[in-house]
Structure formats: C-alpha cells, structure tokens
Amino acid sequence: MSLRKFAWLAGCALAAVISFAPARSVANPPPSNISEEYKINGFAVGCQAYTFRLFTVMEAIEMTHEAGGKIIEFYPGQKLRKDQPAVTFGHTSPDAVDRSGKGTA
C-alpha cells in the first residue's frame with residue numbers, strides 16, 4: 001500500500017470515528033455542585049480570585065460580594081488573611097486551613 005493511500009484511509013477512518021462519536025449535549029450538562037439559585041440561565045457565572053491577587057482571599061470574597069457576585073473561583077497560593085500572611089489558600093492547603101470560605105482558619 002502506498003503512503004498516499006494509507007494516509008487517505010487513515011483520514012477516512014478518523015473522520016468516521018469522529019462523526020459517530022457521541023456528542024455532549026447542552027441539554028445534559030455535567031453535574032454541578034453549584035446551586036441553581038446562583039446560576040444565570042443555567043450557567044455559573046462568577047469571578048476568578050486572580051483578579052484580586054494583590055489582596056487576601058477574605059478581601060477577594062468581600063469585594064466579590066460587594067460587587068453582587070455570588071460565585072468565586074479561587075486559584076492556589078493566594079494569601080488567606082492579613083493576620084496570617086504565611087498561610088496560603090488552595091486545593092492543597094492543609095486541613096487546618098478552612099476551605100469553606102467562611103474565614104475560620
């Protein structure tokens with residue numbers, strides 16, 4: 001088999017696999033832990049805490065709340081509180097760091 005024919009057959013096979021693959025339906029989105037009351041037309045729209053990277057996590061939460069936001073996405077490494085500058089917040093934070101967003105670290 002020539003290289004040209006092989007490439008053509010491989011392309012046809014790939015196109016067939018892609019065309020028959022099940023498409024993810026917008027009507028059936030993946031499950032979410034975000035309550036429907038915080039969504040806008042089914043989408044969770046919120047702030048990324050990196051926007052407030054020069055502030056602490058607690059200040060970012062306050063600023064988001066003051067702006068009317070109900071959802072915030074954190075990024076790892078942001079300082080948790082002013083009174084504990086060495087404590088950072090993220091998915092790898094030790095259990096001693098409160099990840100509930102209530103500020104009781």
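Taking N33 as the reference, nothing meets the side-chain hydrogen bond (donor to acceptor under 3.5 Å, both in side chains) condition, with sequence neighbours excluded. Applying the salt bridge (Lys or Arg N to Asp or Glu O under 4.0 Å) criterion to E59, with sequence neighbours excluded, gives K82. With sequence neighbours excluded, the residues satisfying salt bridge (Lys or Arg N to Asp or Glu O under 4.0 Å) with E36 are K39. Legend: residues meeting ring-ring contact (aromatic ring centres under 6.0 Å, His included) with F55, ordered by chain and number and at least two apart, are absent.
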Please table the atom pairs, donor to acceptor, closer than 3.5 Å between any side-chain atom in residues 40-52 and protein atoms at least two apart or in another chain.
| residue | atom | partner | partner atom | Å |
| --- | --- | --- | --- | --- |
| Q48 | OE1 | Y50 | N | 2.6 |
| T51 | OG1 | Q48 | O | 2.9 |

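Nearest approach of I72 to T64, heavy atoms of both residues: CD1-OG1, 3.5 Å.
Through side-chain heavy atoms spaced under 4.5 Å, either directly or across other Ile, Leu, Val, Met, Phe, Trp or Tyr residues, I71 is tied to I34, Y38.
Within the structure, salt bridge (Lys or Arg N to Asp or Glu O under 4.0 Å) pairs that include any residue of residues 61-79 do not occur (at least two apart or interchain).
To the nearest 0.5 Å, atom CD of residue Q84 and atom CZ of residue F89 are 12.5 Å apart. Put simply, CE on M58 and CG on L80 are 6.5 Å apart, with the number rounded to the nearest 0.5 Å.
Under the 4.5 Å side-chain heavy-atom criterion for Ile, Leu, Val, Met, Phe, Trp and Tyr, V57 and Y75 are members of distinct hydrophobic clusters. M63 and F74 fall into different hydrophobic clusters, defined by Ile, Leu, Val, Met, Phe, Trp and Tyr side-chain heavy atoms under 4.5 Å apart, directly or through other members.
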